[in-house]
Amino acid sequence: MKSSIFLFLLVLFVCQTTRAQAFNNYTKEYELVSQTEANIEVARTHRRILCDYQPSGLYVRRGERVSLTVTDLDEDYKLSTMIGFKPMWGNRNKTQEVEMRDGENTVTATQDGILSFIFVKREGYDDEPSSVELSVKGGKAFPLYIIGDTEEADWESDLAKMTDAPFVQLLSDTALLTITYGDYIKHPIPDIDESFETIHKMIDLEEELAGFDESSPENMRTRNRLNFAIDLYSTPEEATKYYLYASNYFIGMKRDNFTDLTEKLDTEWGIWHEVGHTHQQQSWTWGSIIEVNTNIFSLYVQEKFGLPSKLNDRQVANGPTTFEKARVYIADPQKNYMVKNTADYNEFFTKLVMFHQLKSVYGWDAFKKLHQYFRKQPFVNNRKETDADKANKFVYTMCIITKNNLVPFFNKWGLATNAATAQQINSLKLPLPQVDPASIFK
């Protein structure tokens with residue numbers, strides 16, 4: 001009964017939050033609804049940190065004094081200003097955060113940067129979001145587009161008038177886009193609402209596969225946003241090493257390809273891949289599959305968008321498909337799924353076939369239940385846990401979920417269990433699969 005009441009309240013308050021927010025960077029007046037503190041949310045969802053900061057649509061300069069008037073701040077909640085970005089590639093940039101109190105506050109900027117607000121509960125999970133009002137004196141407005149609120153004419157006017165703006169931001173209840181002004185002017189989003197519809201669809205699908213079906217408190221969708229942000233700190237050489245990258249609090253984009261998010265998302269595997277990283281559960285993600293199990297989400301989005309499977313692709317013209325390479329991999333007596341072959345990039349896709357085979361026999365629900373199973377377990381950020389520990393937990397859990405003894409299947413992929421795990425699984429007296437997943441290559 002207690003869980004049911006909690007679930008009802010959480011749904012009720014989530015619905016209320018979409019009506020109570022107000023971001024006005026013209027008058028510099030705001031009504032914020034609390035987000036869940038990032039690390040608290042990680043403990044509930046067992047996923048990567050998402051952003052718990054909210055935009056002001058203002059930019060401040062180093063040495064500038066900014067005054068903030070805070071009204072009706074609940075003592076159980078913490079409100080802070082944040083200037084700048086969370087650490088980006090290379091960890092060269094710093095973030096200035098200063099806690100506010102009810103009443104008058106002053107912040108002197110120690111660096112140039114976007115002004116954001118962090119409004120979270122001080123302790124425990126925030127199942128009854130609070131709201132707070134604040135007004136700002138100082139900072140300079142830049143173009144801020146709020147989905148469902150900003151008129152197209154006002155947006156175009158802001159872009160025309162605010163020509164010295166360093167950034168533009170676009171905001172929905174699910175996503176935040178941070179793009180340099182000059183690059184946006186060169187490549188404006190043709191239809192912002194339509195682009196966000198696609199972004200929301202992609203996020204919704206990945207949340208769905210991760211088992212966030214709102215069936216219980218730990219399976220409620222997060223209220224924190226996914227922030228896509230242009231990275232201005234990586235060097236040109238470093239930028240050649242990534243297409244996009246997933247980090248805590250945001251997904252880093254490059255100035256020369258950010259339009260893929262707004263124009264090619266319905267076909268762009270790489271973005272689905274990076275968002276997939278935000279769902280990875282540390283409990284069963286070991287070193288050799290960090291770039292593999294994230295692509296379960298890519299496969300799911302690809303299928304739901306009605307596209308053919310990437311596993312049929314040939315990495316080299318006239319070369320073997322990924323399915324064909326998987327046949328060779330399984331036949332190799334020296335294979336070891338726990339070892340990463342850095343010389344063979346396509347190995348990431350070859351190893352993905354193992355997950356595809358499980359899906360082919362047990363359906364996508366098996367992965368939804370897998371994520372839900374681990375969220376039922378206590379969240380332990382245990383760096384002493386070995387890759388072998390995680391792999392054995394994964395094998396055991398998949399046997400529980402499928403109600404089949406999958407040890408022979410995983411052995412065919414070179415993913416061996418230790419004696420203790422094998423004994424645990426044998427004690428369950430589970431039947432072998434009626435269809436061997438390892439026989440499926442399509």
Side-chain angles (χ1 to χ4, degrees), residues 205-206 208-211 269 272-273 276 279-280 284-286 288-289 291-316 318-341 344-371 373 391-417 421-422 425 428 430-442:
L205 287 171
E206 296 212 6
E208 183 177 274
L209 185 60
W269 175 281
W272 312 334
H273 169 100
H279 292 287
Q280 284 178 316
W284 63 276
T285 299
W286 60 92
S288 68
I289 67 165
E291 298 298 334
V292 177
N293 67 349
T294 181
N295 281 328
I296 302 172
F297 294 93
S298 302
L299 284 176
Y300 188 67
V301 173
Q302 186 175 59
E303 179 183 297
K304 297 302 180 182
F305 278 178
L307 300 171
S309 174
K310 189 178 181 67
L311 298 179
N312 284 307
D313 289 355
R314 302 178 190 276
Q315 297 298 314
V316 179
N318 300 319
T321 67
T322 295
F323 282 129
E324 290 167 345
K325 290 197 71 172
R327 284 184 183 274
V328 174
Y329 182 93
I330 288 178
D332 181 0
Q334 303 300 318
K335 61 185 173 290
N336 184 345
Y337 201 89
M338 298 296 293
V339 175
K340 180 168 62 177
N341 181 3
D344 182 7
Y345 173 77
N346 193 57
E347 186 194 62
F348 295 141
F349 299 103
T350 304
K351 287 182 174 178
L352 181 61
V353 172
M354 184 186 81
F355 291 97
H356 166 81
Q357 291 177 332
L358 290 170
K359 170 260 177 183
S360 298
V361 174
Y362 302 105
W364 290 115
D365 275 352
F367 297 114
K368 297 175 186 179
K369 292 176 181 177
L370 176 69
H371 287 83
Y373 176 92
N392 277 279
K393 284 196 300 184
F394 166 72
V395 171
Y396 175 79
T397 303
M398 287 304 299
C399 292
I400 292 288
I401 289 169
T402 62
K403 297 181 173 58
N404 281 161
N405 185 340
L406 294 175
V407 171
F409 164 72
F410 288 119
N411 281 338
K412 289 178 181 178
W413 275 95
L415 183 56
T417 54
T421 301
I425 294 171
L428 298 173
L430 299 171
L432 294 172
Q434 291 185 352
V435 176
D436 180 8
S439 67
I440 298 173
F441 294 95
K442 62 178 182 180

Measure the [atom1]-[atom2] distance between [X] and [Y] for me, rounded to the nearest 0.5 Å.
| X | Y | atom1 | atom2 | value |
| --- | --- | --- | --- | --- |
| Lys393 | Ile400 | NZ | CD1 | 14.0 Å |
| Trp364 | Tyr300 | CH2 | OH | 8.0 Å |
| Lys325 | Leu311 | NZ | CG | 12.5 Å |
| Ile289 | Ile296 | CD1 | CD1 | 7.5 Å |
| Phe323 | Asp313 | CZ | CG | 10.0 Å |
| Asn346 | Thr350 | CG | OG1 | 4.5 Å |

Does Lys310 make a cation-pi contact with Phe349, if we ask for NZ or CZ under 6.0 Å from the ring centre and within 45° of the axis? yes

Mind listing the side-chain donor-acceptor pairs of residues 409-417 below 3.5 Å, one per line with the distance, residues two or more places apart or on another chain?
from, atom 1, to, atom 2, distance (Å)
Asn411, ND2, Val407, O, 3.4
Lys412, NZ, Asp436, OD2, 2.4
Trp413, NE1, Gln357, OE1, 2.9

Trp269-Asn295 side chain donor-acceptor pair, cut-off 3.5 Å: yes

Please report the C-alpha distance between Arg314 and Glu324 in whole Å, then the side-chain angles of each, then the deciding distance to 0.1 Å, and finally whether the salt bridge (charged side-chain N to carboxylate O under 4.0 Å, His left out) criterion is met. CA-CA 9 Å; Arg314 302 178 190 276; Glu324 290 167 345; 3.6 Å; yes

Mind listing the closest non-hydrogen atom pair of [X] and [Y] along with its distance?
| X | Y | value |
| --- | --- | --- |
| Met338 | Ala391 | SD-CB, 3.7 Å |
| Thr294 | Gly276 | OG1-C, 3.1 Å |
| Asn405 | Leu432 | O-CD2, 3.5 Å |
| Val292 | Leu352 | O-CD1, 3.6 Å |
| Ala210 | His279 | CB-ND1, 3.7 Å |
| Leu406 | Leu358 | CD1-CD2, 4.1 Å |

Any donor-acceptor N/O pair, [X] side chain to [Y] backbone, under 3.5 Å:
| X | Y | value |
| --- | --- | --- |
| Glu347 | Asn341 | yes |
| Lys335 | Asp332 | yes |
| Tyr337 | Lys351 | yes |

So Leu299 and Ser309, side chain to side chain contact (heavy atoms under 4.5 Å, CB included) or not? Walk me through it. CA-CA 7 Å; Leu299 284 176; Ser309 174; 4.0 Å; yes

Pairwise salt bridge (charged side-chain N to carboxylate O under 4.0 Å, His left out) hits with a residue in residues 357-366, at least two apart: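 Qualifying pairs: Glu303-Lys359, Asp365-Lys368.
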
So do [Y] and [X] actually touch side chain to side chain, heavy atoms under 4.5 Å?
| X | Y | answer |
| --- | --- | --- |
| Ile401 | Thr397 | yes |
| Glu291 | His273 | yes |
| Pro431 | Asn404 | yes |

Between Tyr362 and His356, is the gap from one ring center to the other below 6.0 Å?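 So the answer is no for these two rings.
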
Please verify the inter-ring angle class for Phe355 with Trp284; under 30° counts as parallel, over 60° as perpendicular, anything in between as tilted.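 Tilted, since the angle between the ring planes falls between 30° and 60°.
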
What's the verdict on side chain to side chain contact (heavy atoms under 4.5 Å, CB included) for Leu205 and Phe297, showing C-alpha distance, side-chain angles and the deciding distance? CA-CA 8 Å; Leu205 287 171; Phe297 294 93; over 6 Å; no

Report the C-alpha distance between Thr402 and Leu430 in whole Å, list the side-chain angles of each, state the deciding distance to 0.1 Å, and finish with yes or no for side chain to side chain contact (heavy atoms under 4.5 Å, CB included). CA-CA 9 Å; Thr402 62; Leu430 299 171; over 6 Å; no

